[in-house]
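Read the structure below first, then the notes.
Small disclaimer: the values here were computed from a predicted structure and weren't measured.
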Amino acid sequence: MDFSGQSKIQTRNAVFNNTINHISSSSRPKRARRKKHKSPEDAEVRRYLASYAVKSASFDAADRGDPPKCHPDTRIAIQDSLDVWRSNRTAGPVRLISGWAGTGKTTIAQTMAEYWARRGQLAGSFFFSRSSKERSVTGWLRATILHQFLQIFGADLDVGHVLCPVTWSALVGVLVSASTSFPQPVVIVIDGLDECTSTEWQVSLLRDILNSLDQLGSSVKILISCRPERHLENVFNEFAPQLGSSYRIHLGQSAEDNDDIRTFFRVSFDRICQDRRYDRAISITDGLWPSQGEVEELVDRASGQFVFAATVVRFVDDENEDPVEMLNLVMEQRTSSFEAVDLLYLVILNRVGMTLDKSGNSLERRQLMENLILHVDHKPSSSLTIADFWFEKEVTVNILVRHLQAVLVRNPNSHGRDSEIVIQFRHKSFHDFFTRPSAPHPFSLVDMNPVSRFFFSLRTHTKTAASHPGHDDHPPTVFRAEQEARQLHQAYIKDRSTSRGCKCLPRLESAMSDIRTLRRFKPCRQSECVANSEVLKLCRMIAITHSSGMRTTSSPTLKFFLWLRSAFSLKRHREDTQ
């Protein structure tokens, strides 16, 4: 195809070609060869950083699977402008990539992180994710960034003077002092700040970063990407005079965004057409497909959202279906641009439902699809874990995941078994699609089978409450409580797998968090009533845990106290050696 600026595209393609030899090491900042004597505290600080650094937050972490990257023919102007900003010592130290869900913020951040890492100009990266305990809080970012920086550039640095836990000011101090001698500025990439679960933590971290603008100087740059949430926008507006007028790149509202999406559609459909015609697996054997008018309509529906374009291509490229028929399903839907992504998800789920209807036990398969979505929305899990939880065969879950390949993805999980692959949503907009109360639809979490939602809540809360020190936390007790909840679930759905339960389910589910409400609860006594004595006993255990304020210690909280204890131990050690 003929694209304008071909020479520029070829230059950019060279950067993304995986077969090219690594870029000359002369671009990497040179480190002193002279061996320096380090303080005894240096090794201890480095061990501390290694212990509390979040390995899965890095741009190249295995836990993130194969993260999306910009197509070589798209986002060229943005990538060039970011690289010019990084290399310009007179430019401001902070750049913001802003845009709503699906506009490509993480894709650009990932692409630039890989590009700068190959050139030896990446100081560190942290990719937030709401679905990860460690990557959904800001507490581990400072230790993670400093640990990454020392691994790349700090072999000869002595960081024994750094107090633990690491503050943002201390982190910047180490980076600036080490990078002033570098021939090129280095950059930190922080993606998805709005993915942090606490708005207070988001604001606190952002204030720390922007308060250090003067300290950063010209040798350290920071690239941030996030949604334009109001609480974050208020902080940026407060520091607007120091940031300057060109610190923000806003995605989804320009002609360049539409041009990039148009290019992506055209190149992707050309690839699909070529592959399928070679295999004779497409109903159109010659001529242009799709038409230019269809491509323009898709670009208009995307409204600057790359997630729409990428999801359409994955849906159409289903190897078991005719791509012409799949695209026709998308084109038949007429809606405003603001509803395009949600409508596309409805098309995909309805299509999978039609496929399941052709098989035996279609109601059970549709129920399993709801259960799978409910489970993955709560926590990315392996197909074996999901199958065991819902009393299904693993092969059945895997087949269903293949049907949903346009919206689900498999990624490795280093926290589990070495070979464990977890299933998770491809994009956060799919989570928003299920939980958005303003746009109800048949697949909304609110409208999903109440029995499935109740027993999922009961079993997950039972595991949490039974293992709390306020109750017997001995492994046999924990195991027994979980087994009781599992047996109750299995017994109820044994002969009524698609039952929607009784009218007291919502009241009973809400009563789990309040012992007084549970005491006033009265079962409906219908034939399909769930609230038998065994269920009420488990609900009482959960309610007591909530009402007494005995929350379970999550992994980040536990790590914080261990972190604090490490800091005091390090302080005492220094006092003893002085």
Side-chain angles (χ1 to χ4, degrees), residues 52-69 94-114 116-117 122-149 166 168 171 187-210 222-233 235-236 249 251 307 376-380 409 411 413-415 422 424-432 435 554-557 559-560:
Y52 294 105
V54 180
K55 308 301 187 295
S56 61
S58 174
F59 78 96
D60 57 352
D63 282 19
R64 298 182 60 234
D66 185 19
K69 295 174 281 292
V94 171
R95 274 290 183 276
L96 169 66
I97 302 177
S98 176
W100 292 112
T103 51
K105 301 181 298 295
T106 298
T107 301
I108 295 174
Q110 176 71 29
T111 302
M112 296 310 300
E114 293 186 11
W116 285 326
L122 182 68
S125 60
F126 197 101
F127 284 72
F128 283 98
S129 174
R130 194 177 297 271
S131 62
S132 168
K133 288 185 177 180
E134 294 178 321
R135 292 164 54 203
S136 60
V137 296
T138 60
W140 317 123
L141 181 140
R142 300 160 184 83
T144 301
I145 296 295
L146 184 53
H147 175 67
Q148 293 175 7
F149 179 79
V166 181
W168 179 262
L171 166 63
V187 62
I188 299 171
V189 175
I190 300 175
D191 174 72
L193 179 58
D194 57 283
E195 286 282 290
C196 177
T197 53
S198 168
T199 57
E200 290 80 7
W201 293 345
Q202 296 174 25
V203 170
S204 177
L205 175 61
L206 184 57
R207 284 191 177 277
D208 284 345
I209 294 173
L210 298 183
I222 301 177
L223 177 64
I224 303 172
S225 74
C226 63
R227 296 188 187 190
E229 302 286 0
R230 178 175 296 179
H231 58 280
L232 297 176
E233 288 297 296
V235 180
F236 279 114
I249 299 174
L251 303 179
V307 65
V376 175
D377 182 68
H378 173 74
K379 180 183 179 182
V409 64
N411 281 328
N413 177 25
S414 62
H415 298 291
V422 297
Q424 59 190 63
F425 293 163
R426 284 188 179 273
H427 196 268
K428 188 179 182 296
S429 60
F430 196 51
H431 162 82
D432 297 339
T435 57
S554 63
S555 178
T557 307
K559 284 193 171 184
F560 171 76

> What's the verdict on side chain to side chain contact (heavy atoms under 4.5 Å, CB included) for Leu205 and Arg142, showing C-alpha distance, side-chain angles and the deciding distance?
Replying inline: CA-CA 10 Å; Leu205 175 61; Arg142 300 160 184 83; 3.9 Å; yes
> Is the backbone of Cys196 close enough, under 3.5 Å, to the side chain of Gln202 for a donor and an acceptor to pair up by distance?
Replying inline: yes
>> Can you confirm whether Phe128 sits close enough to Val137 that some side-chain heavy atom of one is under 4.5 Å from a side-chain heavy atom of the other?
In response: no
> Does any non-hydrogen side-chain atom of Pro228 lie less than 4.5 Å from one of Trp100?
Replying inline: yes
> Do Ser132 and Glu134 have side-chain atoms, one donor and one acceptor, less than 3.5 Å apart?
Replying inline: no
> Mind checking what makes ring pair (Phe, Tyr, Trp, His ring centres under 6.0 Å) contact with Phe127, not counting sequence neighbours?
Replying inline: none
> Between Thr144 and Trp140, is there a donor-acceptor pair closer than 3.5 Å when you use the side chain of the first and the backbone of the second?
Replying inline: yes
>> So which atom in Asn411 and which in Gly65 form the shortest heavy-atom distance, rounded to 0.1 Å?
In response: OD1-CA, 3.1 Å
> So how far is it from Ser131 OG to Lys428 NZ, rounded to the nearest 0.5 Å?
Replying inline: 10.5 Å
>> For a quick test of reading the model, state the closest non-hydrogen atom pair linking Ser58 to Asp60 and the distance between them.
In response: OG-OD1, 2.5 Å
>> Any non-hydrogen side-chain atom of Asp191 less than 4.5 Å from a side-chain atom of Phe126?
In response: no
>> Less than 4.5 Å apart, side chain to side chain, heavy atoms only: is that true for Phe425 and Val409?
In response: no
>> Go through it in stages, so that I can follow the logic: the residues are Asp63 and Arg135, the test is salt bridge (charged side-chain N to carboxylate O under 4.0 Å, His left out), and I'd like the CA-CA distance, side-chain angles, deciding distance and then a yes or no.
In response: CA-CA 11 Å; Asp63 282 19; Arg135 292 164 54 203; over 6 Å; no
> Got a second to check how far Asp208's CG is from Trp168's CH2, nearest 0.5 Å?
Replying inline: 8.0 Å
> Is it true that a side-chain atom of Arg64 and a backbone atom of Phe59 form a donor plus acceptor pair closer than 3.5 Å?
Replying inline: yes
> So do the side chains of Ser125 and Gln148 get within less than 4.5 Å of each other, counting heavy atoms only?
Replying inline: yes
> Donor-acceptor pair, Asp194 side chain versus Arg227 backbone, under 3.5 Å?
Replying inline: yes
> Between atom OG of Ser225 and atom CG of Leu251, what is the distance when rounded to the nearest 0.5 Å?
Replying inline: 9.0 Å
>> One pair to check against side chain to side chain contact (heavy atoms under 4.5 Å, CB included): Phe236 and Leu206. What are the steps and the verdict?
In response: CA-CA 8 Å; Phe236 279 114; Leu206 184 57; 3.6 Å; yes
> Taking the side chain as C-beta and beyond, is there a heavy-atom pair between Ile224 and Ile188 under 4.5 Å?
Replying inline: no
>> Side chains of Leu223 and Trp116, heavy atoms from C-beta outward: is any pair under 4.5 Å?
In response: yes
>> With rounding to the nearest 0.5 angstrom, report the OG1 to NE2 distance, Thr106 to His427.
In response: 6.5 Å
>> Test your reading of the model: is there a side-chain donor-acceptor pair from Lys69 to the backbone of Pro67, 3.5 Å cut-off?
In response: yes
>> Is there a side chain to side chain contact (heavy atoms under 4.5 Å, CB included) between Ile190 and Leu141? Walk through the geometry before answering.
In response: CA-CA 9 Å; Ile190 300 175; Leu141 181 140; 4.2 Å; yes
>> Checking the side chain of Ser429 only, and the main-chain atoms of Gly102 only, is there a donor and an acceptor separated by less than 3.5 Å?
In response: no
> Atom OG in Ser98, atom CD in Glu229: separation rounded to 0.5 Å?
Replying inline: 9.5 Å
> Just how far is it from atom OG1 of Thr199 to atom NE2 of His231, taken to the nearest 0.5 Å?
Replying inline: 5.5 Å
>> According to side chain to side chain donor-acceptor pair (under 3.5 Å), who are the partners of Glu233, at least two apart in sequence or on a separate chain?
In response: Arg248
> With side chains defined as the heavy atoms from C-beta onward, is the minimum distance between Ile249 and Leu96 less than 4.5 Å?
Replying inline: no
> What closest approach, in Å, do Val376 and Gln424 show between heavy atoms, and which atom pair accounts for it?
Replying inline: CG1-CA, 3.5 Å
